[in-house]
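Input: a single structure, listed below in structure tokens.
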Amino acid sequence: MQEKWLPVWDELAPFRSGRPDDERPKKYVLDMFPYPSGDLHMGHAEAYALGDVIARYWAQQGFNVLHPIGWDSFGLPAENAAIKRGIDPNGWTEDNIAQQKASMRRYACSFDWDRVLHTSDPAYYRWNQWLFLRMYERGLAYRKDSAVNWCPNDQTVLANEQVVQGRCERCDAIVTKKKLTQWYLRITDYADRLLDDMAQLEGAWPEKVLLMQRNWIGRSTGAEVRFAIEGRDEPVTVYTTRPDTLFGATFFVVAADSDLAAELAAGTAAEAEFAAYLEGIKQVSDIDRLATDRPKTGVFLQRYAVNPVNGERIPIYAADYVLADYGTGAIMAVPAHDQRDWEFATAFGLPIRTVVEPPADFEGEAYAGDGPAVNSGFLDGMRKAEAVAAMIAWLEERGLGTGAVNYRLRDWLISRQRYWGTPIPIVHCPSCGEVPVPDDQLPVRLPSAEGLDLTPKGTSPLGGAEAWVNVPCPRCGGAARRDTDTMDTFVDSSWYFLRYLDPAKTDGPFDVEAAREWMPVDQYVGGVTHAILHLLYARFFTKVLHDLGMVDFEEPFTRLLNQGMVVMGGSAMSKSRGNLVRLSDELAENGVDSVRLTMVFAGPPEDDIDWADVSPSGAKKFLARAWRLSGDVTSPVGVDVTTGDLGLRRATARAVDDARKAVESQRFNVAVAKTMELVNAARKAIDSGPGGADPAVREAAEAVAIMLSLVAPYTAEEMWERLGHQPTVALAGWPTVDPALLVEDTVTCVVQVAGKVRDRLEVPPTIGEDELRALALAAPGVVKALGGAGIRTVVVRAPRLVNVVPA
RNA sequence: GCCCCGAUAGCCCAACCGGCAGAGGCAAUGGUCUCAAACACCAUCCAGUGUGGGUUCGAAUCCCACUCGGGGCACCA
């Protein structure tokens, strides 16, 4: 069947979306593009089967559907394979792309093959560089020196988002900290918009993803408070969400690894102790830091801060439970109302002063809840919200502090010390400093990997490409060096959906006019693994592009579907676990259509599919059963179906309508079930009903073919041909439903007595309440159940239900 | 520790605004066809919705508590 239909589909190109004279309304369906590591696997098969249902459905509904595909082809696997086997990452990548592309074609994905792109193509990454420079011009791309996450295995830095439970999300190595100068994108400038614009996505994105993003951005509101430090000219500002507890601050803590801690310790009696402590915590990995029961440690710096609200002298400690890169790296400690401060105070014998009255039955240690303020001067008696506002006003009046907002989100670290990525288009000149590469000199192409040592060693392999690195400064012409870092590959995937609109464009990253027409993406489909990283970055880029005046929308993806994973025997498939199911084996055994059908029918798309629980051979049987229908139709093409058997016509109308509703609400498994139901009804009509010559049977079989075309394109095409039509069924159009056929002439009304079903009545759907009540009370089952007892009330829900409540 | 989501037949899953627990499939059993088997077709079997309370004429559906499973966050002041 593949040999038969692939050339036909190539010829007809039903899914080419760029025709200029196409007047159909537009829909943009986007599948997350794959990383080209080897051939497609079961996970791809599921994701692309689901995306295809949506794309093909909209095509059947008469939309001009843009459904592109490409490859996210920069990244470590290519580089690691290259190191391991001594081959060129580019060649490895191209080979895998060719293999995946061939598999996708066989898998009958409805992609527009005229729009493919891959991100390791200089014609693509040139625009990464261009966008980077636009951000640089606006101060959104900058370099800073700080302690960064370092993966000792991959020998590269990682973004905050790529560290999971203190481990590298890619290779699972324990992440350490390293002080480096790195490139960042100022995503924190967009924190509020990234958070607030999620209101637009409510109901259209999985609630879980929105929640994860909200948590990740982690906006909190509170106040910044200035504390004078004895023996220091400048006060130190702290951030707190509980300014109402300021009277309860009994000590002060600075992050041990902050510059401030070092400065405060310098020259004091605590200096040596502090240095030893600092050395000690550097040895503690993030893994250990994450342990919840870790005892609080710290060093008294022999110095004092002054609480601005009551002039009290409070001791300053350096500790590792305060983070250097959140807030200001220093806190006021209120042990009575913060569990961490409570633990520290207990360990160091510091005073604990209650300033919020806990409820009488409170049994915990620190009380973080609401309650009336006590021991708090002018705040006494106020509850939390009022006290917070009053304290902020008090501080602001005296210039001692101000209301403030903080975020958990950090700026996005994009430098990577690896080869296979987009070179950062900056030249470092001894006299001019950082100099952007002029636009007309883009792309800065990667030097050939040949002769380069790609082995990770902590600095970028690009530094070894002498001829590439040493360039004249674009500004002064003097000897200068290129920046040798490459960009995080998440930069590549932050705007690829725009590039599809005109992937060959040479005078800009994307076609602004086409973006106005096609964007935002109507439906995005992909794994929940990208719930934070990719989706947050893509949203950020979109907002930057909006501010650059290049797009007129603020959110790139209108609707998001996260498909589940394909697992085997309850756990994720892996070679080492020995439960790997090979897609190629499944395809060879059961065929493309059966595998796709199995994926779609297994359950709701967002649920995991356990391959042990599903039956591709069952799917195969069903497809054969559906296909046989087309051979049993004996009426001619174009026969007047209105003369057909009414029962089957009703079943067809109902199935088509139910399937439509199911697809639109993304219950694809239900849509398949409705198709199965129709196949059963048609079979019955042929074998033991009006027979294959009845026009209603043709109507049903044609509807089945079209419904199946969303899931099983080969089978559907075969049926369509056998039914006497020209290809392609993919554009046959969704069957029209006569609304009259959906109206039943009688419905079954359930009659309950005290909530138990006692009788059933066949009534017209238009029956009135009073009439139905009378009928129900006279029903034999009701009379019997009542047994002469009186009636309290009768609940009538015409036409489906009556409930008689006995006295 | 905090926060989300889920639990329906042996298994995977349906059930619209609270209104007959069953659409579909897998497996099983019986039958038709066959020399026999496979295929195909027909039929049958199977739960009262995780547990305990509550609201309601009526709860799988709403509320509370709990159990189990999955996921997210985790010294973010």
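Here is how names work: the chains are called A, B, and so on, in the same order as the sequence lines, proteins then strands, and each is numbered from 1. None of these values were measured; they are calculated from a predicted model.
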Problem set entry | Upstream residue (5' side of RNA chain B) when A/Ala330 and A/Glu207 are each assigned their closest nucleotide | A/Glu207
Exercise. Hey, which of these two, A/Arg408 or A/Asp607, hits RNA chain B nearer its 5' end, going by closest nucleotide?
Worked result: A/Asp607
For a quick check under 3.5 Å, do [X] and [Y] share a side-chain donor-acceptor pair by atom type?
| X | Y | value |
| --- | --- | --- |
| A/Thr328 | A/Glu224 | no |
| A/Glu365 | A/Gln339 | yes |
| A/Asn803 | A/Arg797 | no |
| A/Tyr407 | A/Ser220 | no |
| A/Gln213 | A/Trp205 | no |

Please tabulate, for side-chain N and O atoms in residues 666-675 of chain A, each donor-acceptor pair with protein atoms closer than 3.5 Å (sequence neighbours left out).
unit_1   : atom_1 : unit_2   : atom_2 : d
A/Gln666 : NE2    : A/Gln523 : OE1    : 2.8
A/Arg667 : NH1    : A/Ser665 : OG     : 2.6
A/Thr675 : OG1    : A/Ala671 : O      : 2.9

What distance, rounded to whole Å, do you find between the two [atom1] atoms, one in [N] and one in [M]?
| N | M | atom1 | answer |
| --- | --- | --- | --- |
| B/C11 | B/U51 | P | 14 Å |
| B/A59 | B/C42 | C1' | 38 Å |
| B/A77 | B/C5 | P | 23 Å |
| B/U67 | B/C26 | P | 39 Å |
| B/C13 | B/G24 | C1' | 8 Å |
| B/G31 | B/G48 | P | 29 Å |
| B/C16 | B/C63 | P | 16 Å |
| B/U29 | B/C46 | C1' | 12 Å |

Rounding to an integer number of Å, can you tell me how far [X] [atom1] sits from [N] [atom2]?
| X | N | atom1 | atom2 | value |
| --- | --- | --- | --- | --- |
| A/Gln213 | B/C4 | CD | P | 18 Å |
| A/Arg683 | B/A43 | CZ | C1' | 17 Å |
| A/Glu224 | B/A77 | CD | C1' | 12 Å |
| A/Ile314 | B/A77 | CD1 | C1' | 14 Å |
| A/Leu210 | B/C73 | CG | C1' | 16 Å |
| A/Ile532 | B/C3 | CD1 | C1' | 13 Å |
| A/Gln339 | B/G1 | CD | C1' | 10 Å |
| A/Glu343 | B/G1 | CD | P | 14 Å |

Between the protein and nucleotides 16-22 of chain B, which nitrogen or oxygen pairs come in under 3.5 angstrom?
unit_1 : atom_1 : unit_2   : atom_2 : d
B/G19  : O6     : A/Arg797 : NE     : 3.3
B/G19  : O6     : A/Arg797 : NH2    : 3.4
B/G19  : N2     : A/Gln752 : OE1    : 3.4
B/G19  : N2     : A/Asn803 : ND2    : 3.3
B/C20  : O2     : A/Arg760 : NH1    : 2.0
B/C20  : O2     : A/Arg760 : NH2    : 3.4
B/C20  : N3     : A/Arg760 : NH1    : 3.4

Problem set entry | A/Phe622 vs A/Phe601 side-chain heavy atoms within contact, under 4.5 Å | no
Problem set entry | Test item: A/Tyr317 and A/Leu350 side chains (from C-beta on) under 4.5 Å apart, heavy atoms | yes
Problem set entry | Protein-to-nucleotide contact annotation, 5' to 3' order, nucleotides 23-34 of chain B [B base; S sugar-phosphate only; - none; under 4.0 Å, heavy atom] | BBSS--------
For this session: Starting at OG1 of A/Thr245, measure out to CZ of A/Arg353 and round the result to the nearest 0.5 Å.
Result: 11.0 Å
Hunt down the Watson-Crick or G-U wobble partner of [N], both distances under 3.5 Å, from any strand shown, or write none.
| N | result |
| --- | --- |
| B/U44 | B/A28 |
| B/A7 | B/U67 |
| B/A23 | none |
| B/C39 | none |
| B/A14 | none |
| B/C2 | B/G72 |

Exercise. Does B/C17 adopt a syn or an anti glycosidic conformation, taking syn as a chi angle within 90° of 0?
Worked result: syn
For this session: Could you tell me whether B/G25 is syn or anti, where syn means a glycosidic angle within 90 degrees of zero?
Result: anti
Problem set entry | With sequence neighbours excluded, residues passing side chain to side chain donor-acceptor pair (under 3.5 Å) with A/His534 | A/Tyr524
For this session: Only counting residues at least two apart or in another chain, list the ones meeting side chain to side chain donor-acceptor pair (under 3.5 Å) with A/Thr715.
Result: A/Asp593
Need one value for [X]: base, sugar-phosphate or nothing, where a base atom within 4.0 Å counts as base even if backbone is also close, heavy atoms only.
| X | result |
| --- | --- |
| A/Ser220 | sugar-phosphate |
| A/Arg628 | sugar-phosphate |
| A/Thr793 | nothing |

For this session: Determine which pairs satisfy salt bridge (Lys or Arg N to Asp or Glu O under 4.0 Å) with at least one residue from residues 679-691 of chain A, sequence neighbours left out, and list them in order.
Result: A/Asp632-A/Arg683, A/Arg683-A/Asp687
Exercise. Does A/Tyr326 put a side-chain nitrogen or oxygen below 4.0 Å from OP1 or OP2 of B/A77?
Worked result: yes
Exercise. With respect to the phosphate group of B/C73, does any side-chain polar atom (N or O) of A/Arg214 fall under 4.0 Å of OP1 or OP2?
Worked result: no
Problem set entry | Nearest listed nucleotide, side chain of A/Val805, among B/C57, B/G72, B/G71 | B/C57
